[in-house]
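Because the structure is a prediction, the values reported are computed rather than measured.
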Amino acid sequence: MTIHNANVFYELGIRHALRKKRSVLIRGTPVADGVSFDNLTDRYLAYDLDKPEAALQGLTDTPTATLASENTDGPIFKMLPALPEVDPASVQVLPQDLAGEVERAKSARAAGWLRLLSHEVETRRFQWPAMRVIGQAQLDIEDYEGAGRTHQTCACRPPMQFRTSLCIAQARGAAADGKLREGAA
């Protein structure tokens, strides 16, 4: 929010429309552009443009504290507290051709194909929903090692954090169980 940038204002508007809390605004100072009128009441993490390293601790502590906070900071949700927040999973669409390919790989019980797909979707706009679908397919065909790796990649991504943790535990447990059975044979 350091300079008046129409694209940043547009993106912030989308954020305010879709998300209730956990926004972090960062602003360098001093600059010729003042805070825009519509954002005067927002909280900012300010840093000195001449000494940005001095703000390093704040740049790490503020996002951590914000993620832990349950305070509503979205102005639309402050005005309309009963307005439901959009579920991010509902707007992250998995391409149909990829969903079909995952299903074909699962039907063929092709662990290598699913592992390849999990690598191919990395950095794509639909990475997180794709990784979850691929990881579930890996669990379904009992590729516990592949499922563990895929779900570990997703573990830090809300809202599926709890489900992902369970899948990781299931995958590790099944893999350990398989190793125990192999050793007994």
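Looking only at side-chain heavy atoms (C-beta outward), Ile26 and Leu59 come within less than 4.5 Å of each other. Looking at heavy atoms from C-beta onward, Val133 lies out of side-chain contact with Leu98 at the 4.5 angstrom threshold. Side-chain atoms of Leu49 and Tyr47, non-hydrogen and from C-beta on, do get closer than 4.5 Å to each other.
The number of heavy-atom neighbours closer than 6.0 Å to CZ of Arg124, taken from other residues, nucleotides and ligands shown, is 12 or below. No more than 12 heavy atoms of other residues, nucleotides or ligands lie within 6.0 Å of CD in Gln96, so this atom counts as exposed by the packing criterion.
Connection of Phe126 to Leu117 is established within a shared hydrophobic cluster, with ILVMFWY side chains joined at heavy-atom distances below 4.5 Å, either directly or through further cluster members. Both Val86 and Tyr10 sit in one connected hydrophobic cluster of ILVMFWY residues. Membership requires side-chain heavy atoms under 4.5 Å apart, directly or through other members.
Distance check: Trp113 CH2 to Glu120 CD gives 11.0 Å after rounding to the nearest 0.5 Å. For the atom pair CD of Glu53 and CG of Asp48, the computed distance is 8.5 Å after rounding to the nearest 0.5 Å. Atom OG1 of Thr62 is separated from atom CG of Leu25 by 11.0 Å, given to the nearest 0.5 angstrom. One finds the NZ atom of Lys106 at 10.0 Å from the CG atom of Leu139 (value rounded to the nearest 0.5 Å). Separation of atoms CD (Glu101) and CG (Leu116) is listed at 8.0 Å; rounding is to 0.5 Å. Arg115 contributes atom CZ, which lies 4.0 Å from atom CG of Asp143 (distance to the nearest 0.5 angstrom).
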| field | Stepwise side chain to side chain contact (heavy atoms under 4.5 Å, CB included) test for Asp33 and Thr2 | value | CA-CA 7 Å; Asp33 292 339; Thr2 303; over 6 Å; no
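Checking side-chain atoms of Thr150 against main-chain N and O of Ala147 turns up no donor-acceptor pair under 3.5 Å. Counting only distance, with no hydrogens or angles, the side chain of Gln136 and the backbone of Arg132 share no donor-acceptor pair below 3.5 Å.
Of the charged side-chain nitrogens involved, at least one lies within less than 4.0 Å of a carboxylate oxygen, so that Glu145 and Arg149 count as a salt-bridged pair.
Shown here for Asp50 and Pro52, the closest heavy-atom pair between the two residues is C-CD, 3.6 Å. In plain terms, the two heavy atoms of Gly58 and Leu45 that are nearest each other are O-CD2, 3.5 Å. Listed here is the closest heavy atom pair of Leu94 and Ala99: CD2-CB, 4.0 Å. Residues Val8 and Met1 come closest through the heavy atom pair CG1-SD, 3.6 Å.
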Which side-chain N or O atoms in residues 68-85 pair as donor and acceptor under 3.5 Å with protein atoms at least two apart or in another chain?
residue: Ser69; atom: OG; partner: Asn71; partner atom: N; Å: 3.0
residue: Ser69; atom: OG; partner: Asn71; partner atom: ND2; Å: 3.4
residue: Glu70; atom: OE1; partner: Lys21; partner atom: NZ; Å: 2.7
residue: Glu70; atom: OE2; partner: Arg22; partner atom: NH2; Å: 2.6
residue: Asp73; atom: OD1; partner: Ser23; partner atom: OG; Å: 3.4
residue: Asp73; atom: OD2; partner: Arg22; partner atom: N; Å: 3.1
residue: Asp73; atom: OD2; partner: Ser23; partner atom: N; Å: 2.9
residue: Glu85; atom: OE2; partner: Lys20; partner atom: N; Å: 2.6

